[in-house]
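Indexing begins at 1, ligand by ligand and atom by atom, following the structure's order. Just so you know, residue 1 is the first one in the sequence shown, and it goes up from there. Heavy-atom basis, side chains included; hydrogens, waters and symmetry copies ignored.
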Amino acid sequence: MAKPPIVFVLNGPNLNMLGLRQPKVYGRTTLADVEALCRRRAEELGLAVDFRQTNHEGELVGWIQEARKAAAGIVINAGAYTHTSVAILDALYSAEKPVIEVHVSNVFRRESFRHHSYVSPASTGVIVGCGPLGYALALEALADQIRGARRKAR
Ligand code: DHK
């Protein structure tokens with residue numbers, strides 16, 4: 001049987017604090033719970049997940065660059081870098097992969113500086129405000145887009 005496509009699930013700064021930080025905004029689910037959820041859903045969808053978190057912008061850029069060769073698609077929650085990082089936008093453009101942007105909270109109900117995303121222009125889909133479930137929804141969308149891209153390539 002063919003190997004399942006690898007998808008990178010990339011998490012930016014402070015997402016290691018999920019479950020502890022501002023529970024009214026982000027809930028009580030930890031990043032380890034999110035990873036377990038992603039692994040379960042990915043298996044059902046026939047995907048393999050490479051799940052990572054970093055507090056460093058350059059490391060995130062490096063992982064996105066790595067995805068160009070190593071991954072069929074990317075799920076990304078860039079945390080606060082979403083609202084500040086042209087470097088992440090440029091890396092996502094150069095990855096040339098389907099990208100689903102995820103935010104646990106509904107950023108549009110929050111401070112206005114969270115309403116702008118540098119990740120969105122390079123994303124094929126965006127899931128916002130669905131809590132940790134957003135990651136599972138993102139994987140479902142990504143699986144569909146990867147299948148579509150493979151069909152086109154045939
Ligand atoms: C996570 C963060 O760390 C914030 O900086 C973003 C995002 C929102 C989230 O909802 O997952 O503004």
Checklist entry - Could you walk me through whether Val49 and Leu139 pass the side chain to side chain contact (heavy atoms under 4.5 Å, CB included) check? => result CA-CA 9 Å; Val49 156; Leu139 285 170; 4.3 Å; yes

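Salt bridge annotation for Arg39-Glu43: absent, with no cationic side-chain nitrogen under 4.0 angstrom from a carboxylate oxygen.
Counting heavy atoms under 4.0 Å from ligand 1, residue Val107 touches it through the side chain alone. Only the side chain of Arg21 comes within contact range of ligand 1, with a heavy atom under 4.0 Å; no backbone atom does. Contact annotation for Arg114 and ligand 1: only side-chain heavy atoms (C-beta onward) come within less than 4.0 Å of the ligand.
With hydrogens left out, the protein atom closest to atom 7 (C) of ligand 1 is His103 ND1, 3.6 Å, a heavy atom. Counting only heavy atoms of the protein, atom 2 (C) of ligand 1 lies nearest to Tyr26 OH, 3.4 Å. Nearest protein heavy-atom neighbour of atom 9 (C) of ligand 1: Val104 N, 3.4 Å.
Between Phe108 and His115, the ring planes are tilted. Angles from 30° to 60° get that label.
Considering backbone and side-chain atoms together, Leu15 places no N or O closer than 3.5 Å to any N or O of ligand 1. In terms of polar-atom proximity, Val102 is not counted as a contact of ligand 1, lacking any N or O under 3.5 Å from an N or O of the ligand.
Note on ligand 1: Met17 sits outside its first shell, no heavy atom being nearer than 4.0 Å. Not a single heavy atom of Asn14 sits closer than 4.0 Å to an atom of ligand 1. Using 4.0 Å as the threshold, Asn77 has a heavy atom nearer than that to some atom of ligand 1. Not a single heavy atom of Tyr81 sits under 4.0 Å from any atom of ligand 1.
Around the CG atom of Leu133, the shell of radius 6.0 Å holds more than 12 heavy atoms that belong to other residues, nucleotides or ligands. With a 6.0 Å radius and a threshold of 12 heavy atoms from other residues, nucleotides or ligands, Arg110 has its CZ atom above the threshold.
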Give the table of side-chain donor-acceptor pairs shorter than 3.5 Å for residues 69-77, with sequence neighbours excluded, one pair per line with atom names and distance.
| unit_1 | atom_1 | unit_2 | atom_2 | d |
| --- | --- | --- | --- | --- |
| Asn77 | OD1 | Gly79 | N | 3.0 |
| Asn77 | ND2 | Tyr135 | OH | 3.3 |

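Counted by atom type alone, Glu101 and Thr82 present zero donor-acceptor pairs between their side chains at under 3.5 Å.
Among Gly134, Ser105, Cys130, the residue whose heavy atom lies nearest to atom 10 (O) of ligand 1 is Ser105.
Put simply, the side chain of Thr124 gets close to the backbone of Val99: a donor and an acceptor are under 3.5 Å apart.
Among Asp50, Leu47, Ile100, the one residue that satisfies the side chain to side chain contact (heavy atoms under 4.5 Å, CB included) test with Val7 is Leu47.
Atoms of ligand 1 found under 4.0 Å from any heavy atom of His83, numbered from 1 in the order shown, are 6 (C), 12 (O).
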